[in-house]
Every structure is written in structure tokens, then in C-alpha cells.
Protein chains: 2
Amino acid sequence: MEQYQYLTFTARLKRISDSLLYGAKDLYKTLNLEIEPNWHLVFLLFKEKNTLTITEIAENIKISQPGVIKIVNKMKAKDYLKAETDKRDHRIQLLKLTTKAKKELPKLDKVWFAGEKTIKELLDNNTDIFDQLDKIENAIAESNYKDRTLIHLKNG
Amino acid sequence: MEQYQYLTFTARLKRISDSLLYGAKDLYKTLNLEIEPNWHLVFLLFKEKNTLTITEIAENIKISQPGVIKIVNKMKAKDYLKAETDKRDHRIQLLKLTTKAKKELPKLDKVWFAGEKTIKELLDNNTDIFDQLDKIENAIAESNYKDRTLIHLKNG
DNA sequence: TATATTTACATAACCAGTTATGTAAATATG
DNA sequence: CATATTTACATAACTGGTTATGTAAATATA
């Protein structure tokens with residue numbers, strides 16, 4: 001399949017991201033941590049702001065709002081997040097880190113820092129791929145896969 | 001989150017691959033095609049060999065064997081693949097393209113070719129990313145995310 | 001040749017997202 | 001000020017993979 005670089009691109013991205021994801025799950029299990037992959041994205045946001053809403057989290061970590069609800073509910077269930085209703089707008093959940101979360105954060109930070117080192121290593125300290133991913137994301141935002149492909153089909 | 005390039009890398013790969021995946025689904029639906037994303041990987045293999053087994057497909061398209069079973073079962077249900085049992089080894093399914101598949105293939109090839117053009121466009125004709133993905137895959141194969149991260153944790 | 005191991009495929013349970021849709025509260029509009 | 005629209009969150013159904021485990025057939029070994 002090596003000759004079909006473009007046609008295998010999407011599946012390849014999924015395979016790599018899956019491999020890192022399952023690796024992280026496995027790591028947390030080995031370390032007896034109650035966290036899951038990608039929760040660190042939420043924790044990172046709380047470094048800059050101590051109250052966040054579902055919508056804010058979704059916008060910032062670029063995961064859909066129902067996706068964020070699932071993450072937040074799991075984090076609540078493990079006592080890492082607590083919520084109170086906004087007094088001025090009862091639709092809004094004001095989310096905060098719990099005492100447990102704050103207490104565990106230094107330990108978790110160490111694990112994420114080690115994970116960051118791994119990614120650096122895997123990328124061989126070459127940051128070019130970030131620019132390339134930027135370009136891809138921007139190009140998709142401009143016109144997505146379906147629209148572009150329909151145009152190519154039309155133009156033969 | 002822009003400052004956390006490494007920590008957001010995995011989620012980013014998933015997001016891009018998801019976006020391309022859902023785009024392809026949407027495209028096929030619009031074109032009233034009964035195929036699904038990644039089936040083209042299987043079709044591509046049949047260009048070189050007219051009989052394949054589940055295991056062979058899994059090895060070549062680098063999807064797990066249960067994953068391939070799901071794809072193959074769906075392709076059978078849509079009458080794109082047929083199977084007969086190997087007479088010498090009754091565990092083995094010998095898979096072949098159906099008449100319908102062969103008949104539709106020229107049309108499908110056009111769609112995949114257009115999709116290939118889109119990926120080229122999104123990558124801005126820059127093939128560097130393929131080499132970078134190679135490196136990442138090789139590095140993971142050498143030592144995976146979990147093992148590497150445990151070492152980094154240990155070494156402080 | 002009986003038993004242990006390996007192989008090929010099948011099934012179950014899970015995973016972390018997605019889209020589509022619903023509900024209730026807040027805001028904008030006629 | 002009543003109604004329409006928008007917003008924030010919730011829920012359902014689905015996606016395309018994954019890992020773990022099971023089963024039956026084939027092969028290797030004692």
C-alpha cells in the first residue's frame with residue numbers, strides 16, 4: 001500500500017492517534033491514576049481561569065459540546081470537577097476544580113510532562129509537522145473534504 | 001492552547017482524521033454510493049490479487065483483524081465481496097470481489113481519485129508529512145508511548 | 001498417535017469521539 | 001409585553017475503530 005500515500009493518509013492519522021490514546025490509557029492504568037486521556041486538556045485550561053463553562057471548554061479544546069459533556073461528567077464522577085449553577089443565568093454550569101484535583105495536580109503534571117517528552121521524542125524534536133497540521137486544518141476550514149472532492153469530480 | 005503543541009498533538013490528529021472521515025461519509029451519501037470510508041483500502045488490495053483472506057487484508061491495510069471482519073461483513077452485506085471456504089484449510093475464508101463490485105469499480109475509482117486530489121490539495125503538495133509520519137510510526141514500533149513515558153517519569 | 005500449540009476467524013465489550021435533536025432559560029423583536 | 005429567536009446544556013443514536021477472549025481447525029511435538 002506504500003504507493004498510495006494520499007489514499008491511506010486518513011486511516012494513518014487515526015492509527016497513530018489511536019496508538020497514542022491507548023498508550024496513554026495503559027500508562028494511567030499502570031500508574032493507578034483515575035484520569036483518562038485528554039482530561040489534561042481540561043486541566044490545562046484551568047491553569048488560566050478557575051471557572052469555566054461547558055461551552056468555553058468545548059471552544060478551547062476543540063471538542064464538540066456533547067463530547068465535552070461526557071468528559072466533564074466523568075471528571076465529576078471521579079471528583080475532579082464540581083459545578084454550580086450561574087445565579088444570573090440558570091442555563092450555565094460554572095465548573096471548578098475540586099480540592100482533590102488541586103491536590104493531585106502536581107503529581108498529574110509530572111505524568112503529563114513525561115508524556116510531552118515522549119511526543120517530542122517521537123517527533124524527533126522536529127516541529128515542522130505542527131505547521132503542516134495548521135495548514136491542513138486551515139484548508140479544511142476554508143473548504144472541507146466533501147466540497148473539495150465534489151469540485152474535483154465535476155472538473156473530471 | 002496554542003502553547004501546548006505537544007500536549008494537544010494526539011487530539012489534533014484524531015480531529016483531522018475524524019473530519020476527513022465524516023467528510024467522506026457525507027460525500028458518499030450525497031453521491032448515493034453504498035460504500036463507506038476506508039473500504040477503498042480493501043478495493044485497492046484487490047487490484048493486485050483477486051483472492052484475499054481476512055488476515056491478509058488486516059496485515060496490508062494495518063487495521064486489526066476484528067476491525068477487518070467488520071468491514072468485510074458490511075461489504076458482503078452490500079454485495080461487494082463474496083467468500084468461499086478454503087478446501088484445504090476450513091478455517092480460511094477466500095474473499096473475492098463480486099460482479100457488482102467489478103462493475104462499479106470504474107465509477108468508484110473516479111470518486112477515490114477525486115478524493116486523492118483533495119488530500120494532495122490539503123497537504124499543499126508537500127509530501128514531507130509522510131516522512132514524518134513514517135518516523136513517528138517507526139519510533140512507536142520501537143518503543144511505545146507508555147514505555148517511553150514510564151522511562152521519562154523514572155528519570156525525572 | 002495422542003496431546004499441545006498455533007493459526008484463522010468470530011464475538012463481546014469498550015472507546016472517545018461525532019451528528020442530530022430536544023429542552024429550558026435568556027434575549028431580541030414586533 | 002407577548003412572541004420569536006438564540007443560547008447553554010443534555011440526550012440519543014451512531015462511527016469506526018480498539019482490546020480481550022473464545023472456538024474450531026490445522027500443525028507440531030512427545
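Atom set for the values below is all heavy atoms of this structure, side chains included, hydrogens, waters and symmetry mates excluded. The structure displayed is predicted, hence computed values, not measured ones. A, B, ... follow the sequence lines: proteins, then strands. Residue 1 opens every chain.
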Legend entry - Results of salt bridge (charged side-chain N to carboxylate O under 4.0 Å, His left out) for B/R15 - residues two or more places apart only: A/E137

Inset, instruction - Taking side-chain hydrogen bond (donor to acceptor under 3.5 Å, both in side chains) as the test, write out the residues that go with B/S143, two or more places apart. - result: none

Inset, instruction - Specify the separation, in whole Å, of atom CG of A/L41 and atom P of C/dA16. - result: 13 Å

Inset, instruction - If C/dT23 has a Watson-Crick or G-U wobble mate with both distances under 3.5 Å, name it; if not, just say none. - result: D/dA8

Legend entry - salt bridge (charged side-chain N to carboxylate O under 4.0 Å, His left out) partners of A/E104, counting only residues at least two apart: none

Inset, instruction - Calculate the interatomic distance between A/L94 atom CG and D/dC9 atom C1'; express it in whole Å. - result: 13 Å

Legend entry - A/I69 CD1 to C/dT18 P, straight-line distance once rounded to whole Å: 12 Å

Show the distances under 3.5 angstrom between N or O atoms of the protein and N or O atoms of nucleotides 20-25 of chain C.
| from | atom 1 | to | atom 2 | distance (Å) |
| --- | --- | --- | --- | --- |
| C/dA25 | N3 | A/R91 | NH1 | 3.4 |

Inset, instruction - Keeping the roles fixed (side chain from A/D124, backbone from A/N126), state whether a donor-acceptor pair exists under 3.5 Å. - result: no

Legend entry - Sugar-phosphate, base or nothing in reach of A/I92, heavy atoms under 4.0 Å: sugar-phosphate

Legend entry - Side-chain N,O (B/T55) to OP1/OP2 (C/dC9) below 4.0 Å: yes

Inset, instruction - Return the value, rounded to whole Å, for the distance between atom CG of B/N144 and atom P of D/dT19. - result: 11 Å

Legend entry - B/L95 CG - C/dC9 C1' separation (whole Å): 11 Å

Inset, instruction - Using side-chain hydrogen bond (donor to acceptor under 3.5 Å, both in side chains) as the criterion, list what pairs up with B/K154, not counting sequence neighbours. - result: none

Inset, instruction - Using the salt bridge (charged side-chain N to carboxylate O under 4.0 Å, His left out) rule, collect all pairs that involve residues 21-32 of chain A, keeping only residues at least two apart or in two chains. - result: A/D26-B/K146

Inset, instruction - Please report, rounded to the nearest Å, how far the P atom of C/dC14 is from the NZ atom of A/K29. - result: 12 Å

Legend entry - 5' priority, DNA chain D, between A/I54 and A/D18 [closest heavy atom]: A/I54

Legend entry - All pairs passing salt bridge (charged side-chain N to carboxylate O under 4.0 Å, His left out) where residues 73-82 of chain B contributes a residue, at least two apart: B/E36-B/K74

Inset, instruction - Name all pairs fulfilling the side-chain hydrogen bond (donor to acceptor under 3.5 Å, both in side chains) condition that reach into residues 54-69 of chain A, sequence neighbours left out, sorted by first residue then second. - result: A/K49-A/E56

Inset, instruction - Please check if the side chain of B/H40 supplies one atom and the backbone of B/W112 the other of a donor-acceptor pair under 3.5 Å. - result: no

Inset, instruction - Kindly say if B/S64 contacts the phosphate of D/dT18, meaning a side-chain N or O under 4.0 Å from OP1 or OP2. - result: yes

Inset, instruction - Report the distance from atom CG of A/D26 to atom P of C/dC14, rounded to the nearest whole Å. - result: 17 Å

Inset, instruction - Take the protein atom CD1 of B/I57 and the nucleotide atom C1' of C/dC9, then report the distance between them rounded to whole Å. - result: 12 Å

Every protein N/O within reach of nucleotides 14-16 of chain D N/O, cut-off under 3.5 Å:
| from | atom 1 | to | atom 2 | distance (Å) |
| --- | --- | --- | --- | --- |
| D/dG16 | OP1 | B/K25 | NZ | 2.9 |
| D/dG16 | OP2 | B/E36 | OE1 | 3.2 |
| D/dG16 | OP2 | B/K74 | NZ | 3.3 |

